[in-house]
Asker: 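The structure under discussion is supplied below as structure tokens; questions concerning it will follow.
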Amino acid sequence: MTAPMKPGDTPATYSPDTTLTLSEIADLAGRDLKTIKTWNNSGKGRWPNAVQDETGRKTWRVPVSDLVATGVLGPSQVEQVENELAARRESKETKHLREQVIRLEERLTAAQTLADERANTIALLKSLVGKGGAA
């Protein structure tokens with residue numbers, strides 16, 4: 001039996017500098033994002049080593065070691081975190097690409113309809129010019 005993890009302990013199989021966003025934590029923990037934000041409590045709450053990016057959005061990042069230490073992730077999950085996140089990201093990307101394909105197909109149909117209308121107009125104009133030139 002292994003000793004329980006203490007705050008600050010990092011699983012040996014996981015890089016100590018790996019961090020997750022609050023949204024990623026919500027996905028992995030199966031919790032609502034509002035709950036995760038409450039737990040974070042502006043970085044002074046449940047995860048003392050959480051930091052905010054210096055980007056415009058100021059996204060919170062929480063070390064995996066804090067998540068394991070507080071029981072949000074079990075030690076057995078740590079090895080699976082990267083694979084799980086990659087699968088979720090791929091799923092979101094696939095959904096986005098499907099939606100984009102649908103929009104592009106709609107635009108293509110509209111463009112084809114417009115091209116057909118223009119071809120008909122050109123054919124009509126040619127026939128009128130042909131009749132006017134023969135008269």
Side-chain angles (χ1 to χ4, degrees):
M1 185 166 139
T2 59
M5 293 196 69
K6 295 177 259 176
D9 284 356
T10 303
T13 58
Y14 213 86
S15 172
D17 58 348
T18 300
T19 59
L20 301 176
T21 65
L22 299 183
S23 182
E24 291 171 330
I25 295 166
D27 282 347
L28 287 171
R31 297 295 191 115
D32 187 74
L33 182 57
K34 288 180 183 180
T35 301
I36 301 302
K37 286 180 178 180
T38 300
W39 287 354
N40 187 48
N41 191 18
S42 301
K44 298 176 185 134
R46 197 171 217 183
W47 304 305
N49 299 309
V51 294
Q52 238 177 341
D53 288 344
E54 292 301 320
T55 62
R57 295 184 71 189
K58 297 198 175 204
T59 302
W60 281 99
R61 298 205 169 268
V62 181
V64 170
S65 58
D66 278 9
L67 299 173
V68 173
T70 56
V72 174
L73 293 178
S76 63
Q77 288 178 281
V78 173
E79 295 174 18
Q80 303 300 322
V81 169
E82 289 298 330
N83 293 337
E84 180 71 20
L85 286 175
R88 288 175 191 256
R89 283 187 196 116
E90 185 175 315
S91 175
K92 288 178 183 178
E93 289 172 6
T94 301
K95 179 182 175 190
H96 174 72
L97 289 172
R98 270 197 194 104
E99 291 168 353
Q100 188 175 12
V101 166
I102 290 169
R103 287 191 302 273
L104 290 172
E105 286 175 340
E106 290 169 352
R107 289 177 63 189
L108 176 60
T109 300
Q112 286 173 331
T113 301
L114 183 59
D116 291 343
E117 289 173 3
R118 287 182 179 170
N120 290 337
T121 302
I122 290 170
L124 176 65
L125 291 173
K126 283 181 177 180
S127 72
L128 292 174
V129 168
K131 288 182 184 177

Asker: Assess whether atom CZ of R103 is packed by more than 12 heavy atoms of other residues, nucleotides or ligands within 6.0 Å.
Answerer: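 Enclosed: over 12 neighbouring heavy atoms sit under 6.0 Å from CZ of R103.
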
Asker: Hey, could you give me the CG/CG distance between L125 and N120, rounded to the nearest 0.5 Å?
Answerer: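 The CG atom of N120 is 11.0 Å from CG of L125, to the nearest 0.5 Å.
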
Asker: Test W47 against T19 for side-chain contact (heavy atoms from CB on, under 4.5 Å), laying out the working first.
Answerer: CA-CA 11 Å; W47 304 305; T19 59; over 6 Å; no

Asker: Do V62 and V51 belong together in a cluster built from hydrophobic side chains that touch within less than 4.5 Å?
Answerer: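 In one cluster with V62: V51, no.
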
Asker: With rounding to the nearest 0.5 angstrom, report the CD1 to OG1 distance, I36 to T21.
Answerer: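 Those atoms lie 10.5 Å apart.
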
Asker: Using 0.5 Å steps for rounding, measure from the CD1 atom of I25 to the CG atom of L67.
Answerer: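 Atom-to-atom, I25:CD1 and L67:CG are 4.5 Å apart.
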
Asker: When you look at E99 and I102, which way does the side-chain contact (heavy atoms from CB on, under 4.5 Å) test go after all the steps?
Answerer: CA-CA 5 Å; E99 291 168 353; I102 290 169; 5.6 Å; no

Asker: Please determine whether side-chain contact (heavy atoms from CB on, under 4.5 Å) holds for the pair R46 and N40, giving the CA-CA distance in whole Å, both sets of side-chain angles, and the decisive distance to 0.1 Å.
Answerer: CA-CA 6 Å; R46 197 171 217 183; N40 187 48; over 6 Å; no

Asker: If you measure from CH2 on W39 to CG on D66, what distance do you get to the nearest 0.5 Å?
Answerer: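 If I round to the nearest 0.5 Å, the distance is 13.5 Å.
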
Asker: Carefully, step by step, assess T113 and D116 under the rule side-chain contact (heavy atoms from CB on, under 4.5 Å).
Answerer: CA-CA 5 Å; T113 301; D116 291 343; 5.6 Å; no

Asker: To the nearest 0.5 Å, what is the distance between CD on E24 and CZ on R61?
Answerer: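 It is 6.5 Å, given to the nearest 0.5 Å.
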
Asker: Got a second to check how far T109's OG1 is from E105's CD, nearest 0.5 Å?
Answerer: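 Those atoms lie 7.0 Å apart.
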
